[in-house]
Amino acid sequence: FCLNADTLEPIWESDDDVFRGHASMFATDSRLMILTQYGDLVLVDVTQDEYIENGRVHLGKGDFQSHPALVGDRLIVRKGKEIVCYQLK
């Protein structure tokens with residue numbers, strides 16, 4: 001769900017199965033980056049009145065339940081018992 005911060009009224013929602021379960025998020029004024037527990041990294045435009053996906057990549061099988069770190073153009077995640085660094089482009 002994307003909610004209006006002042007009224008908490010829904011602006012849009014997505015029923016994509018990729019968002020079932022745990023997810024970690026980073027937000028700016030214009031975009032939302034979502035990492036699901038199943039390794040899907042989704043970039044969403046939050047300036048629109050509808051769900052607009054700007055991109056999606058699957059980071060592989062594993063358990064991605066820890067919150068990632070974003071350092072410059074690098075995403076650092078815990079994938080099961082490993083720490084993995086991805087360069088974002």
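Numbers for residues simply follow the sequence, beginning at 1. When reading the values below, keep in mind they use all heavy atoms of this one structure, side chains included, and skip hydrogens, waters and symmetry mates.
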Hey, what do you get for CG (D49) to SG (C2), rounding to the nearest 0.5 Å? 9.0 Å

Where do V44 and N54 come nearest, in terms of heavy atoms and distance? C-OD1, 3.8 Å

Using side-chain heavy atoms (C-beta onward) and a distance below 4.5 Å, is Y86 in contact with L41? no

Can you list the residues that meet the side-chain contact (heavy atoms from CB on, under 4.5 Å) rule with D63, with sequence neighbours excluded? Q65

Joint hydrophobic cluster, L88 plus V42, side-chain heavy atoms closer than 4.5 Å: no

Please report the C-alpha distance between L35 and L59 in whole Å, then the side-chain angles of each, then the deciding distance to 0.1 Å, and finally whether the side chain to side chain contact (heavy atoms under 4.5 Å, CB included) criterion is met. CA-CA 9 Å; L35 176 62; L59 302 179; 3.8 Å; yes

Residues in side-chain hydrogen bond (donor to acceptor under 3.5 Å, both in side chains) contact with D6, at least two apart in sequence or another chain: none

Got more than 12 heavy atoms from elsewhere within 6.0 Å of CG, D15? no

Treating Ile, Leu, Val, Met, Phe, Trp and Tyr as nodes and any side-chain heavy-atom pair under 4.5 angstrom as an edge, say whether M33 and Y51 lie in one connected cluster. no

Closest contact, heavy atoms only, F26 versus L75: CE1-CD1, 4.1 Å

Could you pull out the closest heavy-atom pair between W12 and V46, with the gap in Å? CZ2-CG1, 4.4 Å

Contact summary for L3 and P10, nearest pair of heavy atoms: CD2-CA, 3.7 Å

With sequence neighbours left out, write down each residue that passes side-chain hydrogen bond (donor to acceptor under 3.5 Å, both in side chains) with D17, or none if nothing qualifies. R20

Kindly write out the residues that satisfy side-chain hydrogen bond (donor to acceptor under 3.5 Å, both in side chains) with H58, not counting sequence neighbours, or none if the list is empty. D40

Between V18 and Y38, is there a side-chain heavy-atom distance shorter than 4.5 Å? no

By side-chain hydrogen bond (donor to acceptor under 3.5 Å, both in side chains), which residues pair with D16, not counting sequence neighbours? R56

Out of curiosity, does V57 fall in the hydrophobic cluster containing V77 (side-chain heavy atoms, cut-off under 4.5 Å, transitive links)? yes

Smallest separation among heavy atoms of S30 and D45, with atom names: O-OD1, 3.4 Å

Filter on salt bridge (charged side-chain N to carboxylate O under 4.0 Å, His left out), then keep only pairs touching residues 69-89, sequence neighbours left out; what's left? none

Is there a side-chain contact between S24 and F64 (heavy atoms, below 4.5 Å)? no

